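Everything below concerns the one structure shown next.
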Amino acid sequence: MIRVLFAAGEARWQTYRPSLTAAFDEAGLEVDIFTQTDAPETVDYIVYAPGDTLDDFTPFTNAKAVLSLWAGVEKIVGNETLTQPLCRMVDAGLEEGMVEWVTGHVLRHHLGMDAQIVNPDHEWNPVIPPLARNRKVTVLGLGELGRACAQALAALRFDVAGWSRTQKDIPGLTCLSGEDGLRKALSRAEIVVVLLPLTPQTENLLNAERLARLPEGAVIINPGRGPLIDDDALIAALDSGHVAHATLDVFRQEPLPQGHPFWAHPRVTVTPHIASETRADTASEVIAENIRRGEAGAPFLFRVDRQQGY
Ligand SMILES: NC(=O)c1ccc[n+]([C@@H]2O[C@H](COP(=O)([O-])OP(=O)(O)OC[C@H]3O[C@@H](n4cnc5c(N)ncnc54)[C@H](OP(=O)(O)O)[C@@H]3O)[C@@H](O)[C@H]2O)c1
């Protein structure tokens, strides 16, 4: 019997219990899964999400892996008590959700929808938006989510560039890397989508100097992580109009505190970290597959590179 500790919070337990049980059955795994244990040394795998009380992994001396339900692992990757392999979540539901959210928000700004949705004086003002092929979009981060979003936008004929740490070659996209690549990526970006992980290298990546490289009137869409952008520099760029709008899904502090300037800023749209949620049914299949691999001695999927921090 494989012993799995579900350390991802009580609310998620209600949702995940049936789908994990079904996924284990489907994978032919005999699993005992529980949310509390007095015998941590007998636990084989830990299913983890931030917000649970678990932060000391030392007692789990025989655990073979920690399986995160979140794609972003910045809250656990630096935990020094964690010596077991750490796997992050990559799943079809997460990817589809992010593609839908990013595409929707890009189209909002591209088409200038706000002017029609909020038109209190009933003005007949026929502003024709350009075709997508004449709109330059940059996606920062070409991983599982950034790449899927960039390809979906390219399929709509947007002129898409993507930037990543290592150089990529993806048909239909202009792929950039390195500091020089970032300069090019930003200076062309009428709309920039931020889908980087939060690491010491990416924190405050969009600071005042880099925001100034964006063309006048650029739009920022950030479903990545709040600290990727310097808040004060962003507010200054919004106040001056250099950045026309920021659609922000993630923040340094969540929930975004009442009274935070983002809430009331006329050029900011706040969404409450809903860009893409891990879906229990598809995520459970990924967890089951990784446990199956662990038991078969095969390499884990989506293993986090602890050195790189993602
Ligand atoms: N708002 C939400 O609901 C939500 C939901 C899920 C995820 N997220 C966020 O989305 C992030 C991205 O997820 P993912 O699954 O796409 O991650 P991923 O597959 O690990 O991809 C990360 C991408 O960022 C690039 N990158 C990392 N460090 C970099 C650096 N220093 N300079 C330039 N590029 C760098 C990577 O480059 P290489 O390709 O060269 O490695 C890769 O292309 C997550 O970390 C999380 O923060 C948000």
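As the structure lists them, so they are numbered: ligands from 1, and atoms in each ligand from 1. Since we're looking at a predicted model, the values are computed, not measured. Sequence positions, counted from 1, serve as the residue numbers for this chain.
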Can you tell me if W70 has a non-hydrogen atom under 4.0 Å from ligand 1? no
Looking at ligand 1, does V90 have a heavy atom less than 4.0 Å from it? no
Has ligand 1 got any nitrogen or oxygen that is less than 3.5 angstrom from a nitrogen or oxygen of S276? yes
Q201 versus Y310, side-chain donor and acceptor atoms under 3.5 Å: no
Residue selection (non-hydrogen contact nearest atom 29 (C) of ligand 1) among K168, R165, M98: R165
Please answer whether the main-chain N or O of P130 pairs with a side-chain N or O of H110 as donor and acceptor at a distance below 3.5 Å. yes
The reported gap from CH2 in W163 to CG in L176 (rounded to nearest 0.5 angstrom) is 10.0 Å
Below 4.0 angstrom, N of the basic side chain to O of the carboxylate: do R135 and D159 qualify? no
Does any N or O atom in E277 lie less than 3.5 angstrom from one in ligand 1, N or O only? no
Does R225 approach ligand 1 within less than 4.0 angstrom via side chain, backbone, both or neither, non-hydrogen atoms only? side chain
Does an N or O from I274, backbone or side chain, lie closer than 3.5 Å to an N or O of ligand 1? no
Going by the order shown, which atoms of ligand 1 are within less than 4.0 Å of some heavy atom of H273? 1 (N), 2 (C), 3 (O)
Numbered in order shown, the ligand 1 atoms found under 4.0 Å of a heavy atom of A71 are 6 (C), 7 (C)
Kindly list each side-chain donor-acceptor pair under 3.5 angstrom involving residues 15-25, sequence neighbours excluded, with atom names and distances?
from : atom 1 : to   : atom 2 : distance (Å)
S19  : OG     : Y16  : O      : 3.3
S19  : OG     : S284 : OG     : 3.1
T21  : OG1    : R17  : O      : 2.6

Around atom 7 (C) of ligand 1, find the nearest protein heavy atom and jot down its residue, atom name and distance. L145 CD1, 3.4 Å
Considering only heavy atoms, does V250 approach ligand 1 within less than 4.0 Å through its side chain, its backbone, both, or neither? side chain
Count the heavy atoms belonging to other residues, nucleotides or ligands that lie under 6.0 Å from CD of Q116, then report whether that count exceeds 12. yes
Give me the nearest non-hydrogen protein atom to atom 30 (C) of ligand 1 as residue plus atom name, then the distance to 0.1 Å. T202 CG2, 3.8 Å
Atom 11 (C) of ligand 1 sits nearest the protein heavy atom L196 O, 3.7 Å
Considering heavy atoms of the protein only, find what lies nearest to atom 23 (C) of ligand 1 and give residue, atom and distance to 0.1 Å. G143 N, 3.6 Å
What residue and heavy atom of the protein are closest to atom 19 (O) of ligand 1, and at what distance? R88 NH2, 2.7 Å
Distance from atom 9 (C) of ligand 1 to nearest protein heavy atom, with residue and atom: G224 O, 3.5 Å
May I ask you to check whether P223 has an N/O atom sitting below 3.5 Å from an N/O atom of ligand 1? yes
In the protein, which heavy atom is nearest to atom 36 (C) of ligand 1, and how far is it? Y310 OH, 3.6 Å
Polar side chain donor-acceptor pair, T138 to K136, under 3.5 angstrom: no
For atom 24 (O) of ligand 1, what is the nearest protein heavy atom, given as residue, atom name and distance? P197 CD, 3.3 Å
Is it true that E254 and K75 make a salt bridge, defined as a side-chain N closer than 4.0 Å to a carboxylate O? no
Quick check against the 3.5 Å criterion: does R267 have a side-chain atom that pairs as donor or acceptor with the backbone of V243? no
So does R252 have more than 12 non-hydrogen atoms from other groups sitting under 6.0 Å from CZ? yes
Would you check whether L195 reaches within less than 4.0 Å of ligand 1, judged by its heavy atoms? yes
One thing to verify: whether E289 and R292 come together as a salt bridge, which I'm taking to mean a side-chain N less than 4.0 angstrom from a carboxylate O. yes
Any chance the rings of W101 and H273 have centres within less than 6.0 Å? no
Could you pull out all residues at least two apart from D180 that satisfy salt bridge (charged side-chain N to carboxylate O under 4.0 Å, His left out)? R183, K184
At a 4.0 Å threshold, what atoms of ligand 1 neighbour a non-hydrogen atom of G141? 23 (C), 24 (O), 43 (O)
